[in-house]
Amino acid sequence: QVQLVESGGGLVQAGGSLRLSCAASGSFNSINIMAWYRQRPGKQRESVATVSRGGSSFYADSVEGRFTISRDNAKNTVYLEMNDLKPEDTAVYYCNAAIQPESNSDYNNYWGRGTQVTVSS
């Protein structure tokens, strides 16, 4: 069974930094796109950053220049380095990945359970 497990959330003061990690485990053939989403209080879940298997990345305007997404394909892990954090970055952050369970099968969309990031002013 494929699982995505996030770690690295916590409480930080405004201007501080945190690094989130998300590792995929279980039996699968390949991982395509990996991404981070977040759900702020009272808001819908939104895309924060995505990274392709080749390393091409895209960011939401609200985090461009402050957050960096990266991945280690050998470890099936995606990271989110968050700098200059602001109170409005407070949210539950979710890992997302398109994973191919077996060769010749379709890619399925998987989600982690989320990790809380709280930024105090």
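Values in this document were obtained by computation on a predicted structure and should not be read as measured data.
Both Leu80 and Val117 sit in one connected hydrophobic cluster of ILVMFWY residues. Membership requires side-chain heavy atoms under 4.5 Å apart, directly or through other members. When the side chains of ILVMFWY residues are joined at heavy-atom separations under 4.5 Å, either directly or via intervening members, Val92 and Leu85 end up in two distinct hydrophobic clusters. Hydrophobic clustering, with ILVMFWY side chains joined whenever heavy atoms are under 4.5 angstrom apart, keeps Tyr110 apart from Ile33. Two different hydrophobic clusters hold Val119 and Tyr37 under the rule that ILVMFWY side chains link at heavy-atom gaps under 4.5 Å.
The closest donor-acceptor contact from the side chain of Arg40 to the backbone of Glu88 lies under 3.5 Å. When atom types are taken as modelled, the side chain of Ser57 and the backbone of Thr50 share no donor-acceptor pair closer than 3.5 angstrom. The main-chain N or O of Ser52 is never found under 3.5 Å from a side-chain atom of Asn32 such that the two would form a donor-acceptor pair. The backbone N or O of Thr115 sits nowhere less than 3.5 Å from a side-chain atom of Glu6 that would complete a donor-acceptor pair. Not one N or O on the side chain of Tyr107 forms a donor-acceptor pair closer than 3.5 Å with the backbone of Ala97.
With a 4.5 Å cut-off on side-chain heavy atoms, Arg66 and Lys86 count as touching. Looking at heavy atoms from C-beta onward, Leu20 lies out of side-chain contact with Ser7 at the 4.5 angstrom threshold. Side-chain contact check for Glu81 versus Leu18: every heavy-atom pair is 4.5 Å or farther apart.
Thr118 and Gln116 share a donor-acceptor pair across their side chains, judged by distance under 3.5 Å alone. Side-chain contact of Glu102 with Asn29: a donor-acceptor pair under 3.5 Å is absent, judged by distance alone. Residues Asp72 and Thr77 have side chains that never bring a donor and an acceptor to within less than 3.5 angstrom of each other. Looking at Tyr93 and Arg38, their side chains do bring a donor and an acceptor atom within 3.5 Å of each other.
For the residue pair Val51 and Val78, the shortest heavy atom distance occurs at CG1-CG2, 4.0 Å. Ala14 approaches Pro87 most closely through the heavy-atom pair CB-CD, 4.1 Å.
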Derivation and outcome, side-chain contact (heavy atoms from CB on, under 4.5 Å), residues Arg45 and Tyr94: CA-CA 9 Å; Arg45 193 174 298 189; Tyr94 296 92; 3.5 Å; yes
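Going from atom CG of Asp106 over to atom CD1 of Ile99 covers 14.0 Å, rounded to the nearest 0.5 Å. Atoms OG and CZ, on Ser21 and Arg71 in that order, are 14.0 Å from each other to the nearest 0.5 Å. In this structure, the separation between CG on Asp84 and OG on Ser17 is 8.0 Å, given to the nearest 0.5 Å.
A cation-pi contact links Arg19 to Tyr79, judged by a cut-off of 6.0 Å to the six-membered ring centre and 45° from its axis.
Within 6.0 Å of CZ on Arg113 lie no more than 12 heavy atoms contributed by other residues, nucleotides or ligands.
Two rings, from Trp36 and Phe67, have their centers 6.0 Å or more apart.
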